[in-house]
Amino acid sequence: MSEENIVKPNPPFIFRWIILLVVSLAMFGNYYIYDSISPLADLLSKQLKFTDANIGLLQGIYSVPNVFMVLIGGVIIDKIGTRISTFLFTTLCLIGAAITASFNDLTMMAVGRLIFGLGAESMIVAITTVIGRWFKGKQLSFAFGLNLTLARLGSFAALNSPTWASHFYSTYKYPLLIALGAGVISIAMATIYWGMDSYAEKKYSLRPVPKQDEFRFSQIFDFSKSYWFVVLLCVTFYSGIFPFQTFAVKFFMETHGTSREMGGFLSSMLTLSAMVLTPLFGLLADYIGKRSLLMMIGSAFLIPVYLLMAYTKINLYIPMAMMGLAFSLIPAVMWPSVAIIVDESKLGTAYGLMTMIQNIGLASFNFIIGWANDFSGGYVLGMWIFSSLGFFGLLFAYLLRKSEISENGHGLEKGISNVIDTNS
Ligand SMILES: C[C@H](NC(=O)[C@@H](N)CCCCN)C(=O)O
């Protein structure tokens with residue numbers, strides 16, 4: 001019998017979950033490297049005399065290549081496959097982390113962060129494609145939720161490294177070497193994934209990699225108003241979170257007198273709450289619908305938190321818990337909303353475009369806030385900028401709701417409970 005005629009069995013159940021674990025650990029390393037700068041900010045400014053604008057540059061430059069890269073990253077993944085592309089993008093992350101850890105001048109450290117950024121976002125897209133391939137028609141949303149939880153564990157570990165790796169915080173260099181170690185974990189996992197996926201292709205019957213429409217500029221004009229409100233909310237929301245985290249530890253230390261350990265822990269509260277609550281809020285939204293309303297509530301939480309921290313001596317757990325709620329609620333509802341609003345054939349373009357615009361915001365606001373801190377000699381101006389971003393987020397979520405409850409709505413406000421009601 002020829003090899004083509006042999007009917008291959010489906011992969012065993014456990015194989016799929018091991019693949020998920022392996023690629024999620026690769027993403028753990030990616031998120032660790034991304035968040036390794038913020039707990040170091042005060043050391044960089046003391047030992048290397050970096051300004052806040054320099055620190056903003058180190059974080060913001062990650063996003064610069066992604067303004068172009070995420071769009072072509074999808075095409076590369078389609079062309080060369082998920083195994084090679086995951087390995088290639090992860091290698092870029094590792095090289096970037098190695099360069100950042102090897103130099104002590106701003107230019108070369110920034111080049112390292114740029115190369116890391118070049119690989120990191122496309123690596124996330126490649127891993128998302130892997131999960132889509134292995135879990136489509138199975139427990140896809142749950143698998144994505146677990147993947148994000150393990151990835152955020154990387155952020156959590158990095159932000160709390162001043163506690164569990166306190167001995168290494170005598171110089172900025174050692175924590176960057178730990179981040180390089182996280183990159184080594186990523187490349188090891190990308191290699192194991194390559195081996196497992198090749199083995200599975202020979203032994204088992206697998207779904208083909210789902211093809212997405214290639215990006216065509218004209219498609220942008222086909223997207224609905226609701227899609228654009230989600231994109232605008234995405235860019236304002238994430239610009240109010242990730243660039244805040246860039247300076248958070250230094251801000252807590254200098255303005256609220258916390259230790260570096262405590263500052264790192266407070267910042268990681270966002271990540272911790274998102275690890276636990278994001279899948280739960282996802283379930284809530286699936287059940288009750290009301291997605292734009294939930295995004296309005298999440299945005300409303302954000303507006304006062306920065307001003308509370310800038311002007312009062314409030315217990316920092318309170319604003320950070322409010323921010324943590326927003327950081328759990330909005331992503332849980334926002335990313336899946338795109339799949340409801342946009343036609344499946346354009347989903348790749350829709351997510352690519354959204355991530356591209358998100359990265360424009362992340363780059364700009366890391367630079368702007370760093371500059372604002374240096375210019376004003378404090379953090380109040382930056383906190384007003386963040387609070388305004390919260391206000392615009394609320395406005396876009398409100399406009400989204402208006403559009404969704406009109407006759408042009410896409411069903412964002414409908415949940416499983418409505419379907420049950422209608423059917424009963
Ligand atoms: C799902 C979402 N991911 C992103 O926003 C990425 N484009 C950027 C991740 C930056 C590294 N922490 C998220 O993490 O909420």
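All ligand and atom numbering here is 1-based and tracks the order in the structure. Each residue takes its place number in the sequence, starting with 1. Because the structure is a prediction, the values reported are computed rather than measured.
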Does D35, backbone or side chain, put an N or O under 3.5 Å from an N or O of ligand 1?
no

Discussion item. Between S186 and T90, is there a side-chain donor-acceptor contact under 3.5 Å, judged purely by atom types and distance?
Written reply: no

### Message
Ring centroids only, cut at 6.0 angstrom: are Y379 and F247 within range, meaning strictly under it?
### Response
no

When distances are taken from atom 6 (C) of ligand 1, the protein heavy atom at minimum range is E121 OE2, 3.4 Å

Sorted by chain and number, sequence neighbours left out, salt bridge (charged side-chain N to carboxylate O under 4.0 Å, His left out) with D52 holds for K250

Answer with yes or no whether the side chains of Y398 and S299 bring together a donor and an acceptor at under 3.5 Å. no

Atom 1 (C) of ligand 1 has as its nearest protein heavy atom W335 NE1, 3.8 Å

Quiz item: With distance as the sole test, does S122 use its side chain to make a donor-acceptor pair with the main-chain N or O of G119 at under 3.5 Å?
Solution: no

Residue, atom and distance of the protein heavy atom nearest atom 4 (C) of ligand 1 read Q358 NE2, 3.7 Å

Residues passing the salt bridge (charged side-chain N to carboxylate O under 4.0 Å, His left out) test with K46, sequence neighbours excluded, are D42

protein heavy-atom neighbour closest to atom 2 (C) of ligand 1 works out as Y238 OH, 3.5 Å

Atom 14 (O) of ligand 1 sits nearest the protein heavy atom Y31 OH, 2.9 Å

Below 3.5 Å, N or O to N or O, backbone or side chain included: is there any such pair between Y62 and ligand 1? no

